[in-house]
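Following: one structure in structure tokens, then a few remarks.
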Amino acid sequence: MAASDPVAELLLRATEQLRSAFGGLPAFEPALAGAADTGRMAAVLDEVAHRLGDNYPYFHPLYAGQMLKPPHPVARAAYALAMAINPNNHARDGGRASSAMEMEAVGALAGMFGWTEGPGSYLGHLTSGGTMANLEALWVAGELAPGKRIVASEQAHYTHGRISHVLKLKFDPIAADGRGRMRLDVLEDELKKGDVGTVVATLGTTGIGAVDPLVGILELKEKYGFRVHVDAAYGGYFRLIREELGGEARGAFEAMERADSIVVDPHKHGLQPYGCGCVLFRDPAVGRFYQHDSPYTYFTSKELHLGEISLECSRAGAAAVALWATQKLLPLTPGGEFARGLAQGRRAAVELDRRVRADSRFVALAGGEPELDIVVWAVQAADRLEASDRAKKVFEIATTHDLHLALVQLPQSWFGSGSGWSGSDGEYVTCLRSVLMKPEHEAWLDAIWERLTAACAVLTADLCQ
């Protein structure tokens, strides 16, 4: 972990401030957490710390594998502070302050996507993650277009197919091009059948960070009529630095405000603890599908409160507090400190991709540089099976050099004729994958490349024996 962790110090002062807010209440001793238990609790926490040491160091810049990013210290401190109260944002009586903070934090996310008119002009709330957020979006889609299909790119997250099955909605995948993006020609063929109710556009696929052609999808919407749901669970925050992206990706992020619904995960690029997702609807009238009544919920507002616009009931108010605190410290503004951190990771990815393309030991994607901050490459070999085997070995050897990458299977056709592999387009090759989502990755790229090179040297030596 970092050499110095400010969270404990931050919490000391804030805890006293919170305690004083309730200073008028009579003193009492918690039944299960008294002073006499401090020593026992410390012993248990020592064991917890020991057990947690058996984990991947995803907080470190040398962890460059999966979509894992450490929460900001202010988020960790705010979350821990809120735990002293343990608010429940299902209803305002369960989390009055945290509910207000959630609405403000969600408003900032909506504003980032161009929905700047304020509450009442959109509907949105936090969720336990992107899966639940996407479920709510597709549930509303099904309510608005009953019996119609959901379609998404074959490279979209598998959760869309699974969610559609849970909701009893017909789902079909749309073929992707060599850059992992939905093919508009194949989409239009499906639209001509007249039974598509919702198209899911992914802005930042899990595999390679591909950005679906949202502008083209929106043009087809004008012709055929359907809902557009944008799954930007991973890529949503890149709207802040869209000017630094390639033309097609930039156009997609500029067009986000025209979507019917959007999902983003603050626990990915948003520096939040798990789990923190968000779903937004452009039309607040969809709140009618959520409305309910119960004898044990206190309705304290004439407006729809958070418990009335969420399929989840109990929700951690601490997640809202942590997000609010982070956005207060690091506003979601283009050119701001938060946006500059995104840009650093993006530059690191582009530079890593450049080095891969210049190295004869590797095979880069034929489609060009990464659209966001995920880099994928294959290891050169005589055929795809040997290339897959070598990628797995480099992956394993790299961990002995404290470099943690990831593996992904991609169509071998995405690597073009430069690979020299034979076989059908439907065959897959296992590749190395790096998610450079930490701002520190730009400064650590030389160290990452040095360790990757060392791992390849070990593999070469092994092959020569």
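Note that the structure is predicted; figures quoted are calculated from it, not measured.
Between Arg340 and Glu337 there is no salt bridge, since no side-chain nitrogen of the basic residue lies less than 4.0 Å from a carboxylate oxygen of the acidic one. The residues Asp373 and Arg346 are annotated as not salt-bridged, no charged nitrogen and carboxylate oxygen being separated by less than 4.0 angstrom. Using a 4.0 Å cut-off between charged side-chain N and carboxylate O, Asp172 and Lys193 make no salt bridge. Between Arg76 and Asp5, at least one side-chain nitrogen of the basic residue sits less than 4.0 Å from a carboxylate oxygen of the acidic one, meeting the salt-bridge criterion. No salt bridge links Arg258 with Glu222; every basic N to acidic carboxylate O contact stays at or beyond 4.0 Å. Under 4.0 Å is where a charged nitrogen must lie from a carboxylate oxygen, and between Asp177 and Arg179 no such pair does.
The side chain to side chain contact (heavy atoms under 4.5 Å, CB included) test with Val375 singles out one residue from Val435, Asp353, Leu432, Ile208, and that residue is Asp353.
Note on ring orientation: taking the six-membered ring where Trp is involved, the planes of Trp444 and His60 are perpendicular (angle over 60°, cut-offs 30° and 60°). Between Tyr63 and Tyr58, the two ring planes are perpendicular [angle over 60°; tilted spans 30° to 60°].
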side-chain hydrogen bond (donor to acceptor under 3.5 Å, both in side chains) between Glu312 and Ser128, worked out: CA-CA 8 Å; Glu312 292 177 278; Ser128 58; 3.0 Å; yes
task: Show the numbers, then the answer: is there a side-chain hydrogen bond (donor to acceptor under 3.5 Å, both in side chains) between His157 and Asp231?
output: CA-CA 9 Å; His157 198 282; Asp231 180 3; over 6 Å; no
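Checked by atom type and distance alone, the side chain of Lys69 pairs as donor or acceptor with a backbone atom of Met437 at under 3.5 Å.
Heavy atoms of other residues, nucleotides or ligands lying less than 6.0 angstrom from CD of Glu248 number 12 at most.
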